[in-house]
Amino acid sequence: MLTEGTTAAMLVALMLDAALGWPQNLYALVGHPVTWLGALIDAGDRRLNRAKTSNVSRRIAGVVLAGAVIALTAGIALAVSRLLPEGWAGVILTGILAWPLVAVRSLYDHVDAVAKPLAAGDLAGARGAVSMIVGRNPDLLDGAGIARAAAESLAENTSDGVVAPLFWGMLLGLPGIAAYKAINTMDSMIGHRTPRHEAFGWAAARIDDVANLVPARLTGLLFALASRHTTTALRIMRRDARSHRSPNAGWPEAAFAGALGIRLSGPRTYADRVAEEPWLNGTAPDPRPRDLVRGLALYRRAMVMLAALMALIVLPGGP
């Protein structure tokens, strides 16, 4: 249940990550919770996802893995949260523990690493940077394609990497944000429609869809409100979001496209296939390098607005 205390803790996590990211020396010392989760999920994938078994058996094995990973992650977080003190000390400690589960700074940095060489005309550098955040073949992307891929990643991952973890953390505290991160990491690793993971990753993908149902729509609304073209962004989001292949990603991406006056989604080429996707805000032009810079500015405004809204929840009563 959302309280001033859980919201304050998530606000601490947001502010810490915005200011510091996840420092490299800290990563070298203790790693990162997502890498810990990744190692656990990979071990389960290798052990339980057996190619010689039927799709039904593989789907059941995937359900077992998803349930076990979520239960273990949430259980550890719950046990830790019960050891924390009451009041502001507990809020701050919870925020510190939740800090690495929010990706506001790393998301900005990764997209900024694309925007800078793209604006300077360095397509090779921009392709190298965009290959770190999208799965499509960067060698086939021109400047507009690079800007479009980075803008889509920024819009979608604002929901997956920032709004959704904070949403579940505000509702359920440390167990909520930890469980969400486990769900989202599983989806990114095994929730793909490939021969290996079509059946085994079914549960991970469906659980992720449910977990992001509300946050994705909230993210689209946040982009629209932070935009200088709120009415247009809301109209494009309502009109186009459901045409996206994902039940959730279309909401922040369509709002982002409407806010910036660009088109997103559409056909894209991956390493092994061409995906013929419908456009979002299809009558608008392709994004240019400066539109990606404008997108980062919109992201900053949206994050400031999000922090302000969280602060408004905290102020009336405190933790």
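We number each residue from 1, following the sequence as shown. These values consider heavy atoms only, across backbone and side chains, with no hydrogens, waters or symmetry-generated copies.
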Check: Where do Arg105 and Leu20 land on the side-chain contact (heavy atoms from CB on, under 4.5 Å) test, with the steps shown first?
Finding: CA-CA 7 Å; Arg105 179 66 175 269; Leu20 302 174; 5.8 Å; no
Margin query: By the ring pair (Phe, Tyr, Trp, His ring centres under 6.0 Å) test, which pairs, at least two apart or in different chains, include something from residues 18-39?
Written below: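 Of all non-adjacent pairs touching residues 18-39, those that pass ring pair (Phe, Tyr, Trp, His ring centres under 6.0 Å) are Trp22-His32, Trp22-Trp99.
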Do [X] and [Y] have side-chain heavy atoms sitting under 4.5 Å apart?
X	Y	result
Leu65	Asn49	no
Tyr299	Leu107	yes
Leu221	Leu234	yes
Arg228	Arg301	yes
Leu213	Asp209	no
Val104	Tyr108	no
Ile133	Ser153	yes
Asp160	Asn212	yes

Crowding at [atom1], [X] (>12 non-hydrogen neighbours, <6.0 Å):
X	atom1	value
Met305	CE	yes
Met15	CE	no
Arg196	CZ	yes
Arg50	CZ	no

Checklist line | The single option from Val102, Leu172, Thr73, Leu171 passing side chain to side chain contact (heavy atoms under 4.5 Å, CB included) against Ile177 | finding: Val102
Any donor and acceptor pair, going by atom type alone, linking the side chain of [X] with main-chain N or O of [Y] inside 3.5 Å?
X	Y	value
Thr185	Ala182	no
Arg245	Glu277	no
Arg127	Leu141	yes

In this structure, would [X] and [Y] fall into the same cluster of hydrophobic residues linked by side-chain contacts under 4.5 Å?
X	Y	answer
Val214	Leu306	yes
Ile70	Met189	yes
Leu11	Leu218	yes
Leu40	Phe200	yes

